[in-house]
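Computed over heavy atoms, backbone and side chain alike; hydrogens, waters and symmetry mates excluded.
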Amino acid sequence: MKKSLTIILSALLAGWINTASAEQVVVQTKSMTMVLNVENGQQPRYVYFGTRLSANDLAHLQSPRNGRMEAYPAYGMNAPAEAALALRHADGNMSTELMATGIDRSSQDGADITRIHLRDRVYSTTVDLCYKAYNDVDMIETWTEITNGEKQTVTLTTFASACLPIRRGEVWLSHLYGSWANEGRVSEELLEPGLKIIKNKDGTRNSHTDHAEVMFSLDGKPHELTGDVIGAALCYSGNYRLKIDTDDTEYHYFIAGINEDNSEYHLKKGETFCTPALALTFSKEGLSGASRNFHKWGRLYKLANGKTERRILLNSWEGVYFDINQEGMDQMMNDIASMGGELFVMDDGWFGDKYPRKTDNSSLGDWVVDKNKLPEGIEGLLRDAKKHGIKFGIWIEPEMTNSVSELYEKHPDWIIKAPKRDAVLGRGGTQLVLDMSNPKVQDFCFSIVDDLMTKYPEIAYIKWDANMPVLNHGSQYLNAADQSHLYIEYHRGFQKVCERVRAKYPTLTIQACASGGGRANWGVLPYFDEFWVSDNTDALQRIYMQWGTSYFFPAIAMASHISAAPNHTVYRTTSLKMRIDVAMSGRLGMEIQPKNMTDEEKALCKKAIEEYKVIRPVVQFGNIYRLLSPYENKGLASLMYVDDAKDKAVFYWWKTEQFQNEHLPRIKMAGLDADKMYKVHELDRIDNRPLDCEGKSYSGAYLMNHGLEMPYTHDVDWSKKVNWSSRVLYLTAE
């Protein structure tokens with residue numbers, strides 16, 4: 001009788017739902033529009049995504065043909081197709097059939113939010129498709145909220161954030177890949193029939209080998225300043241999977257979300273599973289246009305303290321590594337202060353009592369000052385920083401421990417470890433990952449920051465590192481049935497800690513470092529002010545890495561440091577001028593031992609820091625225009641930043657190769673006001689004579705249609721000649 005009643009109620013519900021007519025749901029920002037057709041009793045369908053439409057165009061939109069336009073395709077009723085959602089009901093049924101039941105609209109924080117409610121035709125599982133459209137930036141965030149309304153646990157096996165059909169043509173995919181010390185490399189490829197997968201399964205960091213951000217150039221090979229481009233960024237700190245399925249229809253199907261490998265999720269009765277947001281943008285101004293959209297959205301709404309200028313700092317790591325001592329730190333503080341710097345950061349090697357941190361094989365978790373290295377403690381360091389008129393920062397690695405540590409001796413049950421197996425050890429042969437799914441571990445990680453800031457509130461900066469992936473799957477906290485939740489619960493725990501830190505210390509500057517650029521993602525950045533692009537500070541390789549990273553992340557978030565030569569990673573010797581000019585295109589800092597520099601080198605850095613303070617607002621808050629990519633292999637790379645008023649701009653020109661009788665293109669600028677006159681001033685000048693354009697004024701039209709000729713080499717004394725050349729020009733409207 002109960003089963004029959006359920007069938008009757010389901011039929012009545014379906015009959016009621018089908019009485020409603022279809023509604024055109026318009027989700028739009030100032031320059032772009034997304035349209036879905038929502039008919040109660042049916043799956044919502046995409047109709048359009050692109051430039052903003054007029055009322056007339058909306059009224060006469062064509063329906064897409066020869067494609068699967070479901071907004072959130074579920075597995076089971078069209079099994080051959082790729083699905084965004086797949087689940088197993090308690091009775092073993094693996095099929096899901098979602099239908100629309102209603103729409104809600106609201107406003108929040110300068111954005112309009114649309115919720116499309118879906119429900120399975122037979123079961124009580126519901127899904128909300130959520131769309132957040134910002135009013136002043138061209139970005140739409142979309143995510144799903146999956147709720148188990150059934151009496152027993154439902155098992156989620158696929159749970160993407162969104163699916164977007166993209167019309168076939170000559171569509172090119174741009175995405176980032178790499179490895180440690182070679183992050184953010186750009187790959188461009190024509191989308192062909194088949195399945196393209198971009199994924200990460202690191203467990204703790206997610207942007208070394210691949211990135212969870214992509215761009216689609218819709219009308220041929222990607223160009224920086226022209227062409228229709230869709231940009232997409234998954235705002236998640238954990239394992240992800242991006243899929244592009246190209247089958248026999250007229251569409252590519254882009255599906256993005258949490259990586260479901262070994263992560264099936266047991267959704268309990270009444271529980272809601274929220275997927276991370278997928279941020280979508282559209283631009284008719286090429287890759288750089290899409291980047292500008294990401295940068296503005298990021299600075300205004302995502303990045304911690306995204307409206308605040310970043311300080312110029314010296315980090316101790318490449319200067320002294322683990323050789324921390326009171327006198328050495330004081331000397332480095334004095335040196336960076338004398339060059340005009342604003343902050344000194346003491347990196348790894350300052351802590352440990354029973355097990356002093358002398359190298360990378362001990363002490364993580366024992367966050368007490370090593371009194372042998374620092375007899376006056378952090379108090380003494382803060383006193384010295386104040387004496388030199390600068391701020392002080394410190395390095396920590398809260399999510400990790402070593403098998404050689406007091407923390408591990410007290411809490412061996414806090415580490416990630418497979419049951420019945422030995423723990424897999426990482427960096428230094430002893431490193432272990434703490435289980436962030438455990439609330440006690442979360443409390444401990446929060447206490448690391450909280451204890452430091454409570455005792456030493458003058459600390460202005462924290463470098464938060466994470467130097468190990470999850471190598472062995474297993475939680476000593478999660479129950480046996482939910483071991484597959486580890487990857488998801490790790491990042492839920494990490495987020496909870498970050499939320500607590502930010503609630504108590506909202507203006508504290510925190511850098512996300514994870515073996516270099518392992519945490520360059522929009523899931524982390526709401527809690528961090530910046531990220532370390534790479535442990536590789538070589539100027540030439542940084543041009544390539546920072547170029548790719550700038551596709552999705554603004555200069556204010558990209559820590560870029562002047563380091564020593566030969567470089568400590570690739571052993572290349574580049575000129576100090578080149579190293580300065582590359583570092584000045586991001587958040588400028590230094591990663592060097594100043595006492596090993598000559599007075600002339602210090603003077604050049606002092607001049608660069610002084611000039612960077614002038615251009616800092618343009619670089620950190622300006623609009624990027626990438627002009628010539630190093631990946632085009634033309635021996636040159638060039639980009640520029642322009643402020644919103646188009647009154648100020650900074651132009652960068654870097655040679656990437658040096659040949660005799662070489663032929664380089666003249667670079668046309670972009671983003672300027674054609675009718676304004678711009679005065680040219682070269683920064684970081686080392687030449688004996690100024691450029692022939694120095695101090696002269698040119699129209700924006702001339703600079704954008706013609707450009708300025710740059711000398712291929714520097715006019716310096718014979719003893720100072722090197723095989724590197726770079727230029728930074730500051731343009732000011734008259």
Checklist entry - Passes side chain to side chain donor-acceptor pair (under 3.5 Å), E189 versus H175? Steps please. => result CA-CA 9 Å; E189 56 189 285; H175 65 98; 3.2 Å; yes
Checklist entry - Applying the ring pair (Phe, Tyr, Trp, His ring centres under 6.0 Å) test to F553, which of F294, W547, F531 qualifies? => result F531
Item to check | Donor-acceptor pair, side chain of Y240 and main chain of I198, under 3.5 angstrom | outcome: no
Checklist entry - About how many Å separate CD1 of I488 and CZ of F273, when rounded to the nearest 0.5 Å? => result 4.0 Å
Checklist entry - Any chance the side chains of S54 and N56 put a donor and an acceptor closer than 3.5 Å? => result no
Checklist entry - Are any non-hydrogen side-chain atoms of Q24 and V35 less than 4.5 angstrom apart? => result yes
Next on the checklist: Side chains of E260 and T157 only: does a donor on one sit below 3.5 Å from an acceptor on the other?
Outcome noted: no
Checklist entry - Just wondering, are more than 12 heavy atoms of other shown residues or ligands nearer than 6.0 Å to NZ in K668? => result no
Next on the checklist: Tell me if the aromatic rings of H266 and H485 count as close, with their centers under 6.0 Å from one another.
Outcome noted: yes
Checklist entry - Rounded to the nearest 0.5 Å, how far does OG1 of T144 lie from OH of Y131? => result 9.5 Å
Checklist entry - CD of E97 to CE of M77: how many Å apart, nearest 0.5 Å? => result 4.5 Å
Next on the checklist: Check whether Y253 forms a cation-pi arrangement with R68 (NZ or CZ under 6.0 Å from the six-membered ring centre, at most 45° off the ring normal).
Outcome noted: yes
Checklist entry - Do N239 and D261 meet the criterion of a side-chain donor-acceptor pair at a distance under 3.5 Å? => result no
Checklist entry - If every non-hydrogen atom of H117 is compared with every non-hydrogen atom of I103, which pair is closest and at what distance? => result CD2-N, 4.0 Å
Checklist entry - So, do V122 and N93 sit near enough that their side-chain heavy atoms are less than 4.5 Å apart? => result no
Next on the checklist: Before we go on, tell me: are the rings of Y265 and F159 under 6.0 Å apart, centre to centre?
Outcome noted: no
Item to check | Minimum side-chain heavy-atom gap R168-H252 below 4.5 Å | outcome: yes
Checklist outcome for this item: Here the gap from D109 atom CG to Y301 atom OH, rounded to the nearest 0.5 Å, amounts to 8.0 Å
Item to check | Donor-acceptor pair between T29 and D138 side chains, under 3.5 angstrom | outcome: yes
Checklist entry - Under the 6.0 Å and 45° cation-pi test, does R292 pair with Y625? => result yes
Checklist entry - Hey, are the side chains of M215 and P222 touching, using non-hydrogen atoms and a 4.5 Å cut-off? => result no
Checklist entry - With a 4.5 Å heavy-atom cut-off, do S283 and N293 have their side chains touching? => result yes
Checklist entry - Near Y134 OH, under 6.0 Å, is it more than 12 heavy atoms from other residues, nucleotides or ligands? => result yes
Item to check | Check ion pair R492-E489 (N to O, under 4.0 angstrom) | outcome: yes
Next on the checklist: Any donor-acceptor pair under 3.5 Å linking the side-chain atoms of E141 with those of W297?
Outcome noted: yes
Checklist entry - Hey, are N259 and Y236 close enough side-chain-wise for a donor-acceptor pair under 3.5 Å? => result no
Next on the checklist: Please evaluate residues R205 and E183 with respect to the criterion salt bridge (charged side-chain N to carboxylate O under 4.0 Å, His left out), reporting the C-alpha separation (whole Å), side-chain torsions for both, the decisive distance (0.1 Å), and the verdict.
Outcome noted: CA-CA 13 Å; R205 306 86 46 94; E183 297 93 332; over 6 Å; no
Checklist outcome for this item: All heavy atoms of Y551 vs all of L287, minimum pair found to be OH-CD1, 3.6 Å
Item to check | Within-4.5 Å side-chain heavy-atom neighbours: L87 and Y123 | outcome: no
Item to check | Value rounded to 0.5 Å, distance of OG1 in T209 from CG in D202 | outcome: 7.5 Å
Next on the checklist: Return the OG to CZ distance between S31 and F282, rounded to the nearest 0.5 Å.
Outcome noted: 10.5 Å
Checklist entry - Is there a side-chain contact between K269 and Q152, using heavy atoms and a 4.5 Å cut-off? => result no
Checklist entry - Looking at A83 and K243, what are the two nearest heavy atoms and their distance? => result O-NZ, 4.0 Å
Next on the checklist: Quick check on side-chain contact (heavy atoms from CB on, under 4.5 Å): which of D245, I230, I244, L191 does F254 satisfy it with?
Outcome noted: I244
Item to check | Six-ring centre of Y487, R241 cation under 6.0 angstrom, axis tolerance 45° | outcome: no
Item to check | Heavy-atom side-chain proximity of R105 to D112 below 4.5 angstrom | outcome: no
